[in-house]
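Contents: one structure, followed by commentary.
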Amino acid sequence: MRQRHKNPTIPPPNQPTTQKPKLSKSFIFSSTKRVFALCLAFRVVNALLVQTYFNPDEHWQALEVAHRIAFGYGHLTWEWKKGIRSYLHPVLFSVLYKVLSLLGLDTPWFMTRAPRLLQSICSSVGDLYLYKLSDVLFGDCVAKWALFAQLANWFMIFCFPRTLSNNLETVLTLIGLYHWPCIRDSSTKIPLVSRKWGLAIAALAFSIRPTSAIIWVYVGLLELFVTRDRLRFIFLEVVPIGVLVLGLTCLLDRLMYGSWVLVPLNFLKFNFLSSGGDYYGTHKWHWYFTQGFTVMLFTFLPFSVAGIIQSKQWKLSGLIAWVLGLYSVLGHKEFRFVLPVLPIALMFSGYALAKMNASDSPNVEKKGSLNIHTRCPSKMQFFIFFLLATNIPMALYMSLIHQRGTEDVMIYLSKEARNEKVESILFLMQCHATPYYSTLHRNLPMRFLDCSPSEEKGVLDESDRFMMDPVSFVTEFAKNWSKPSHVVLFDSEERLLRDFLISHSYREIRRFFHSHFKVDRNLQSSVVVYVLAGQ
């Protein structure tokens, strides 16, 4: 029988029976229910802390669509007209919206907070399964430190409670990996039904985000290599389970779209075969290795590298390399695309931390079991302080301060609309820079600058034309407009358009802080609201 990977928590099989008894588990880690309660409490607080804008898809591809399903109005972007998005993810939030409406709780506070609170429940399940996966692979002590890394990492705090489909994909990835036999040691026996659950979850993740096929092709090939019943695996498990899950998803999309739409096929054709995603910007091939994934790991990076080397768990480290490598081939790159493998890298950080704690602890025998609540040696205290001191301030700044203006302005307008002080709104900024009807929650005329991909190459969209020359664009735009009661824009463009707005009877009414430094274009330090005189 092959031995499990050497790690700081599992004694060798031939350890004498005269060893000292294992230290008892702490109260929190004595059951998975308590671990889940810890994760849930943390993520609920985490969700309430997140008050900034990160990625348009959080609103425009999830909540905006859900709002349209639940209330009959909301903007559908060009992706929904081309059939490259599945309704499976937004439907979850549409049910939440319906419940809020029936209970009379569809107020500005609940409409902005409730979706992230729902996501926090899903995220806490992901946290739990990272703990469980770490436990079955490396043991209890590593699982505790892996959970510490997961909860302390700045990017997980900043991103995981958001309503991005990538977050649900990440949760499903962690659950799925826990159930796949090939991920565990060959000596570990698990029920055959576990693999079927893994297949179903993989199919569900693929239905939500077809790019998750990158992960599951790797896992599937690995399982095909190690399993003894390959034909049974392919024809009696992969095919029927895949057809069932994808078929049910297609039925849902048929109901919502009104016609048969093969979302995974359309998605893969647009993003892989035609490089449609490149329309929104490209990065160098090495971006994930030199900037993207390294920034996400931040100060956990050296611990993750050490854990990969020390644990010799090449299956999961190979998965990380496989995902980063294939996504690097695509021109359009974003942090969130590789989010599903970030918890795995953090699990390796937990391995390195557990091993350091085991080697340095003066209170536990070298071969004995360890507890995370035993007194940490000075070196461990330093490492814990270092990780918390670098990650927590970063998480708080990104979650509470950086790019909060576009969220604040929509909450303000929602309250004003609720008091019938808003008639119509024009957003003079790059497209999808703010939330939309899902936050306003009033069926009022609104207009933003379109940025749908053009069929003709080289043709600039409205958003790009505005950013190139705001004054000329707005002067031409105003020839055919019906004056909105409110105009929203960034201060960088407001300085150029102030005279124009004043000459058209507008006055500044509110200004919201947005950011301290520029992200993509000019510094957008604040969001400004102008109101038409007489409003």
Side-chain angles (χ1 to χ4, degrees), residues 43-77 80 85 87-124 158-165 167-168 256 399-400 403-427 429 431-448 485-486 488 510 512 514 527 529:
R43 290 301 176 197
V44 166
V45 174
N46 187 180
L48 295 174
L49 281 175
V50 173
Q51 300 174 31
T52 55
Y53 198 80
F54 171 41
N55 187 280
D57 281 13
E58 177 183 4
H59 299 281
W60 293 82
Q61 304 300 345
L63 302 185
E64 193 67 17
V65 183
H67 193 276
R68 185 182 180 92
I69 297 170
F71 301 106
Y73 63 97
H75 184 83
L76 294 182
T77 61
W80 297 93
R85 300 279 183 179
Y87 276 92
L88 184 57
H89 182 237
V91 160
L92 301 176
F93 297 103
S94 70
V95 174
L96 172 66
Y97 282 150
K98 274 296 186 184
V99 172
L100 291 177
S101 178
L102 290 172
L103 297 176
L105 296 176
D106 52 333
T107 62
W109 193 91
F110 277 102
M111 291 298 291
T112 55
R113 298 296 184 199
R116 286 175 178 165
L117 288 172
L118 176 61
Q119 176 59 44
S120 71
I121 297 174
C122 299
S123 298
S124 59
F158 168 66
C159 183
F160 215 24
R162 299 178 184 272
T163 54
L164 292 161
S165 60
N167 287 333
L168 185 55
M256 303 306 297
S399 300
L400 290 169
Q403 296 191 137
R404 69 169 296 143
T406 50
E407 295 263 342
D408 289 342
V409 72
M410 289 308 297
I411 295 173
Y412 162 76
L413 290 171
S414 175
K415 293 176 181 177
E416 291 290 284
R418 193 176 177 87
N419 295 324
E420 299 184 350
K421 295 181 179 180
V422 179
E423 294 180 4
S424 57
I425 306 170
L426 171 64
F427 296 88
M429 46 179 55
C431 65
H432 308 145
T434 69
Y436 213 50
Y437 283 109
S438 61
T439 298
L440 187 75
H441 194 44
R442 283 293 181 275
N443 194 7
L444 301 173
M446 292 200 291
R447 173 77 156 84
F448 67 94
S485 65
H486 291 71
V488 181
R510 286 296 298 268
F512 298 91
H514 187 61
V527 179
V529 182

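Excluded from the calculations below are hydrogen atoms, water molecules and symmetry mates; all remaining heavy atoms, backbone and side chain alike, are included.
The main-chain N or O of T439 is found under 3.5 Å from a side-chain atom of S414 such that the two form a donor-acceptor pair. In this structure a side-chain-to-backbone donor-acceptor pair under 3.5 Å is missing from H67 to S438. A side-chain donor-acceptor contact under 3.5 Å links S120 to the backbone of L117. Between the side chain of E423 and the backbone N or O of S485 there is no donor-acceptor pair closer than 3.5 Å. With K98 contributing its side chain and A70 its backbone, the two residues share a donor-acceptor pair below 3.5 Å.
In this structure, T112 OG1 and H441 NE2 are separated by 11.5 Å, a value rounded to the nearest 0.5 Å. Between the CZ atom of R447 and the NE2 atom of H75 there is a distance of 10.0 Å, given to the nearest 0.5 Å. Annotation: the span from L100 atom CG to M111 atom CE amounts to 7.0 Å, rounded to 0.5 Å. Between atom CE of residue M446 and atom CG of residue L413 there is a gap of 8.5 Å, rounded to the nearest 0.5 Å. Of the inter-residue distances, the one linking L444 atom CG with E420 atom CD reads 9.5 Å to the nearest 0.5 angstrom. Distance check, rounded to the nearest 0.5 Å: CZ of F160 to OG of S123 gives 4.0 Å.
Salt bridge status for R116 with E58: present, with a side-chain N to carboxylate O gap under 4.0 Å. Taking 4.0 Å as the cut-off between side-chain N and carboxylate O, R85 and D57 count as a salt-bridged pair.
Looking at V527 and D408, their side chains never come closer than 4.5 Å, going by heavy atoms from C-beta outward. At a threshold of 4.5 Å between non-hydrogen side-chain atoms, the residues T52 and L400 do not count as touching. In this structure, the side chains of I425 and V488 come closer than 4.5 Å at one or more pairs of heavy atoms. In this structure, F448 and T434 have side chains that are not in contact, with every pair of non-hydrogen atoms separated by 4.5 Å or more. In this structure, the side chains of C122 and N167 stay at 4.5 Å or more apart for every pair of heavy atoms. Taking 4.5 Å as the limit, some side-chain heavy atom of M256 sits within range of a side-chain heavy atom of I69. Annotation: side chain of R404 is not in contact with side chain of Y53 (no heavy-atom distance under 4.5 Å). Counting heavy atoms from C-beta outward, L426 and H486 have side chains that stay 4.5 Å or more apart.
Note: Y436 and H432 fail the aromatic proximity criterion, with ring centroids not under 6.0 Å apart.
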So R162 and V50, side-chain contact (heavy atoms from CB on, under 4.5 Å) or not? Walk me through it.
CA-CA 8 Å; R162 299 178 184 272; V50 173; 3.4 Å; yes
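Using cut-offs of 30° and 60° for the angle between ring planes, the Y87 and W80 rings count as tilted. Relative orientation of the F71 and Y73 rings is tilted, given thresholds of 30° and 60° on the angle between their planes.
For the pair R68 and Y437, the cation-pi criterion (under 6.0 Å, within 45° of the ring axis) is not fulfilled.
Minimum heavy-atom separation, T406 to V409: O-CG1, 3.4 Å. Closest approach of F158 and S399 over heavy atoms only: CA-OG, 3.6 Å. Considering all non-hydrogen atoms of both residues, C159 and L164 come closest at SG-CD1, 4.0 Å. Residue W60 comes nearest to V65 through the heavy atom pair O-CG2, 3.8 Å, listed as atom of the first residue, atom of the second, then distance. The two atoms that bring V422 and A417 nearest to each other are CG2-N, 3.8 Å, heavy atoms only. Taking both residues in full, the closest heavy atoms of L118 and L92 are given as CD2-O, 4.1 Å, listed atom of the first, atom of the second, then distance.
Side-chain contact check for H59 and E407: at least one donor-acceptor pair (N or O, by modelled atom type) lies under 3.5 Å. Between the side chains of Q61 and T77, a donor-acceptor pair is found at a separation under 3.5 Å.
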